[in-house]
Amino acid sequence: DAKTTQPNSMESNEEEPVHLPCNHSTISGTDYIHWYRQLPSQGPEYVIHGLTSNVNNRMASLAIAEDRKSSTLILHRATLRDAAVYYCILRDEGNFNKFYFGSGTKLNVKP
Amino acid sequence: AAGVIQSPRHLIKEKRETATLKCYPIPRHDTVYWYQQGPGQDPQFLISFYEKMQSDKGSIPDRFSAQQFSDYHSELNMSSLELGDSALYFCASSLGPQGIYNEQFFGPGTRLTVL
């Protein structure tokens with residue numbers, strides 16, 4: 001399975017944008033890039049996903065590098081409620097029922 | 001909107017006992033996934049089911065078994081419990097396994113403590 005690499009932790013100020021990077025240099029052509037987050041004492045929740053093009057939804061934006069070896073999750077205005085562990089996950093089209101969480105990025109948002 | 005329901009929310013067992021965790025997926029969801037999250041660790045994929053058939057297997061110990069029933073709910077059976085089985089167990093559901101864009105919806109988890 002292709003691996004992802006994320007910084008262990010990041011810090012942001014409230015109301016400021018946050019860019020969470022993820023490296024996936026061994027990504028295959030059939031791997032989708034998913035982002036989930038886990039708030040304290042809760043189950044993970046879906047944030048966004050993409051394949052090649054940049055994606056936007058009500059929660060965040062996903063910027064995917066042209067060679068797809070890295071991606072960045074963008075929170076446009078961080079709030080205290082965005083403090084969570086953010087996971088970047090690759091889902092292979094051939095094994096989509098396996099879903100492996102790597103070591104995510106713990107985001108701390110300061111008021 | 002209805003969410004994934006897990007029961008019980010908390011469970012305390014002794015070593016070598018058995019435990020059964022239950023998961024009720026979101027209505028119309030036919031795929032269920034189980035994860036184990038140890039203290040301070042990331043969630044680990046255990047097993048998944050689609051239409052009552054096992055679809056994929058992760059790092060599930062042989063002491064554990066699971067199944068999905070005709071109403072799509074799933075049960076994770078754990079025998080000969082060990083101290084290391086103490087963890088949060090999450091269940092997730094999705095609508096169909098086809099289309100890997102299908103997001104998984106996670107339940108609140110069952111916290112299992114083995115004494």
Side-chain angles (χ1 to χ4, degrees), chain A residues 1-9 22 27-53 55-60 62 64 73 84-107, chain B residues 1 3-6 9-10 21 23 25-26 29-51 53-60 66 68 74 87-111:
Chain A
D1 296 318
K3 302 292 184 188
T4 63
T5 305
Q6 299 176 250
N8 288 333
S9 63
C22 180
I27 191 170
S28 74
T30 54
D31 281 334
Y32 280 71
I33 303 161
H34 288 247
W35 283 82
Y36 277 68
R37 71 180 186 180
Q38 187 173 22
L39 279 65
S41 303
Q42 294 187 28
E45 66 174 348
Y46 169 83
V47 178
I48 201 167
H49 78 275
L51 182 62
T52 56
S53 304
V55 184
N56 299 296
N57 67 19
R58 62 175 179 83
M59 288 182 70
L62 177 60
I64 301 173
L73 178 70
V85 179
Y86 287 78
Y87 294 98
C88 169
I89 301 165
L90 299 183
R91 292 188 80 184
D92 180 9
E93 190 174 30
N95 290 291
F96 45 74
N97 280 330
K98 286 185 179 177
F99 202 71
Y100 291 101
F101 288 82
S103 298
T105 297
K106 185 173 184 179
L107 175 65
Chain B
V4 176
I5 297 172
Q6 291 188 246
R9 293 293 309 278
H10 301 271
L21 309 185
C23 170
I26 291 172
H29 280 195
D30 50 16
T31 307
V32 169
Y33 313 77
W34 285 98
Y35 296 86
Q36 176 191 60
Q37 186 172 27
Q41 298 182 3
D42 303 305
Q44 298 294 314
F45 170 73
L46 293 179
I47 196 167
S48 61
F49 291 88
Y50 167 62
E51 284 291 345
M53 299 288 289
Q54 179 183 306
S55 53
D56 255 309
K57 202 169 182 179
S59 52
I60 185 169
Q68 186 180 31
S74 178
L88 259 176
Y89 290 83
F90 290 106
C91 170
S93 74
S94 70
L95 180 58
Q98 298 301 326
I100 63 175
Y101 49 81
N102 283 332
E103 65 178 280
Q104 294 184 23
F105 294 83
F106 283 78
T110 294
R111 182 173 295 281

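Letters A, B, ... mirror the listed sequences (proteins, then strands); counts begin at 1. Bear in mind that the values here come from a model prediction, so they are computed numbers and not experimental data.
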| field | Qualifying residues under salt bridge (charged side-chain N to carboxylate O under 4.0 Å, His left out), relative to A/Glu45, sequence neighbours excluded | value | A/Arg37
| said: With chain B as the partner, which of A/Gly43, A/Gly50, A/Gly104 has the greatest number of non-hydrogen pairs under 4.5 Å? | reply: A/Gly43
| field | Closest heavy-atom pair and its distance - A/Tyr36, B/Gln104 | value | OH-N, 2.8 Å
| request: State the CD-CZ distance between B/Gln37 and A/Phe101, to the nearest 0.5 angstrom. | output: 8.5 Å
| request: Only counting residues at least two apart or in another chain, list the ones meeting side chain to side chain donor-acceptor pair (under 3.5 Å) with A/Gln42. | output: none
| message | Do A/Pro44 and B/Tyr35 have side chains that approach each other closer than 4.5 Å (heavy atoms only, starting at C-beta)? | response | no
